[in-house]
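In what follows, a structure is listed as structure tokens, so that the remarks can point back to it.
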Amino acid sequence: MDYFLELFFGGLTRGSIYALIALGYTMVYGIIELINFAHGEIYMIGAFTALIAASALSLLGLNGPALLILAGLIAVIYSAAYGYTIEKIAYKPLRKAQRLSPLISAIGMSIFLQNYVLLAQTSDFLSFPTLVDEFAFMEPVSHIMRSSELLIVATTLVCTVLLTLFIKFSRTGKAMRATAQDKTMAMLLGININRVISVTFIIGSGLAAIGGVLISNHIGQINFYIGFIAGIKAFTAAVLGGIGSIPGAVLGGLILGWTESFATGYVSSDYEDVFAFGLLVFILIFRPAGILGRSSTDKV
Amino acid sequence: MKRIICILTGACFVLFSGAAMAEDAIKLGVPGAHSGDLASYGLPSAHAARLVVDDINARGGVMGKKVVILQEDDQCKPEVAANVGTKLVSEKVDVVLGHICSGATKAAMNIYKDAGIIAMSPSATNVELTKSGDYPNFFRTISPDDAQALLQVDFALNTLKVEKIAVIHDKGDYGKGIAEFAYGFIEERGAKPVLFEGITPGAVDYSAVVQKIKRSGAEAVIYGGYHPEAAKIVSGMKKKKMDTIFISDDGVRDDTFIKVAGKYAEGVYATGPIDTTKSPMAVAAIEQHKKVYGEEPGAFYLNAYAAALCLLQAIDKAGSTEFDAVTEALRSNWFDTPLGSISFDEKGDAKGIGFAVYQVQNGQYVEVGK
């Protein structure tokens, strides 16, 4: 039973990270029907920013949790700025172009950002300090779930709830939903589409940065390439849950995390990816739009 | 037709040039990749042979005879290597320093075996070349591919006295190769490999694999792969308060591993090549290369230097170029080379070179066993 729980919480942690990144994919797709392949790099940039900020702030003598929150905040702001700028540079000029053009632009942006960090920082793996000590109250269950894992799951939960409330009840959230339904109509009704799209990119990037900071704190190492695999897996999670759907992204992330964890635990880690992508194929056969996706006919 | 004429003409040319040489000389064949995209593997060995032979000739040669080099290009291709082998045999070489690539070496070995000629490779690491026993005339001055795995398993079972070992790898050629050898050796020794798993490099985390290692009850993990994944697994295990011993390979015996894994690296074992480039003989050999060729020596230079020394000294000691006499001399004598003092076992692998076990102690790798 302990083994099952360990795998369950391991998968939950991994799935939460996928979910945080998948939210960015799904929000952007929901609004402008673009798969933002540079999203994984935002996650990576968030992790790097947090590492740099944490090193600088630790000189001021701050302790662990304060350091994590401050560094995390800086990473979120910085990554959000990146997301905003990427949209303005790489996607906005192509908004009226064929659907393939912004897609290629996104892949180009992803390659550019990876290499930018490679050149500006380093190609080596860097050690990321453990900023949060083990909580005392977690001691009895620490063999099943570590404090950094609890932190990831809790943060994902809070972020998802806040995001859902924001989209349901705030003015901007309503404007986002309206834009997602029908861009032209929303425009006619006086919604500033450009602003809505920018906000979407900012929120998505911020969430990815949170994921980057939390997983780096958990794993303890980063390099310029971590965004690629995390991005691919999160994209898979978004498609699995139904791209464009926010609960779908979270659900997709968790299902993917659990599938990988249980496949490793009970079968073999050699087949981890086989099970993950096999599940994706299986679900897409029966629900082509993903688990919670609305079916539509004219998407890429 | 044209090609045959080409080959014939070439052969005639070589025959004539061979005939022009002094009749009474020791002929050292030096086949290897000297052109093509793998030339950088073969040329340093040819340089090494040239430098050693010049040295020995300046000091009076072997058994009072001059040594001449017959250099042949096999391009690392097995089919070319077989032709090269035949050619060297027809030119009556006494010993061969080569080939360079394992595939090419295998292709030529039968030809040398039938002719009773000893070949010593500075770089062919394929296990079968020595272990199969098919080539009694084959020797090498480099460790075979399974040397690290053998050392890891022996160290775990005999020095650390563990019984249950989990074998993990990163699914790559290098890591999986070592892991498979390790698995085989564990079974051979009658111990229990409790787990054999491949992980996906670059995955977000390895908590599930760590849990699995824990459940398997392994006392030690042998990991084949590189340092980023090793660092993730080691820190994952330590954070779960597991005291499982972690043993890895020369992909991990690197200071970057200690930098990335930080305090979690403490106590980790890794095998790595014994560093001999600082020994006086190696320094002298490298200096010699720089003086003659004006650049740093390339891959396998020291191995080839050692092989040339061993072959020629063995002939000198045996007092003949006879197969049995030279083989006996190679096995019963220790030779001073840039790789240290080496001899050869009955299979043809060199004794005294290879890998050592290192352990991270106070943030540094320290040698703890050979």
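Reminder, nothing fancy here: chain letters follow the sequence lines and each chain counts from 1.
Proximity to chain B (any heavy atom under 4.5 Å) is shown, for A/E6, by both the backbone and the side chain. At a 4.5 Å heavy-atom cutoff, the contact between A/I219 and chain B is made by backbone and side-chain atoms alike. There is no contact between A/F128 and chain B, counting heavy-atom distances below 4.5 Å. Contacts between B/K241 and chain A at a heavy-atom distance below 4.5 Å involve the side chain alone, from C-beta outward. Interface remark: B/K259 contributes backbone and side-chain atoms alike to the contact with chain A (heavy atom separation under 4.5 Å). Heavy atoms of A/T13 lying under 4.5 Å from chain B are absent altogether. In this structure, chain B has heavy atoms under 4.5 Å from both the backbone and the side chain of A/F125.
Once rounded to the nearest 0.5 Å, the distance linking NZ of B/K171 with CG of A/D273 reads 6.0 Å. From B/T256, atom OG1 reaches atom CG of A/L126 across 10.5 Å, with rounding to the nearest 0.5 Å.
Distance alone, capped at 3.5 Å, places no donor-acceptor pair between the A/S261 side chain and the B/A208 backbone. Side-chain atoms of A/Q221 come within 3.5 Å of backbone N or O of B/P228 as a donor-acceptor pair. At distances below 3.5 Å, not a single donor-acceptor pair connects side-chain atoms of B/K239 with backbone N or O atoms of A/R146.
A pairwise comparison of heavy atoms in A/S268 and B/K212 identifies CA-NZ, 3.6 Å as the closest pair. Closest approach of A/S269 and B/T200 over heavy atoms only: O-OG1, 4.4 Å. For the residue pair A/D270 and B/F196, the shortest heavy atom distance occurs at OD2-O, 4.4 Å. Considering all non-hydrogen atoms of both residues, B/S207 and A/E149 come closest at CB-OE2, 4.3 Å.
The number of heavy atoms from other shown groups lying within 6.0 Å of OH (A/Y116) does not exceed 12. Surrounding CZ of A/F8 are more than 12 heavy atoms belonging to other residues, nucleotides or ligands, all under 6.0 Å away. For NZ of B/K131, the number of neighbouring non-hydrogen atoms (other residues, nucleotides, ligands) closer than 6.0 Å is greater than 12. Within 6.0 Å of CD on B/E187 lie more than 12 heavy atoms contributed by other residues, nucleotides or ligands. Atom CD of B/Q361 has more than 12 neighbouring heavy atoms from other residues, nucleotides or ligands inside a 6.0 Å radius. Within a 6.0 Å sphere centred on OH of B/Y365, heavy atoms belonging to other residues, nucleotides or ligands number more than 12.
Counting heavy atoms from C-beta on, the side chains of A/Y3 and B/K214 never come closer than 4.5 Å. Looking only at side-chain heavy atoms (C-beta outward), A/T264 and B/Y206 stay at 4.5 Å or farther from each other. Side-chain contact between A/K233 and B/V204: absent, with no pair of heavy atoms (C-beta onward) separated by less than 4.5 Å.
Between chain B and the options A/R14, A/E260, A/E272, A/H218, the largest number of non-hydrogen pairs under 4.5 Å is found for A/R14.
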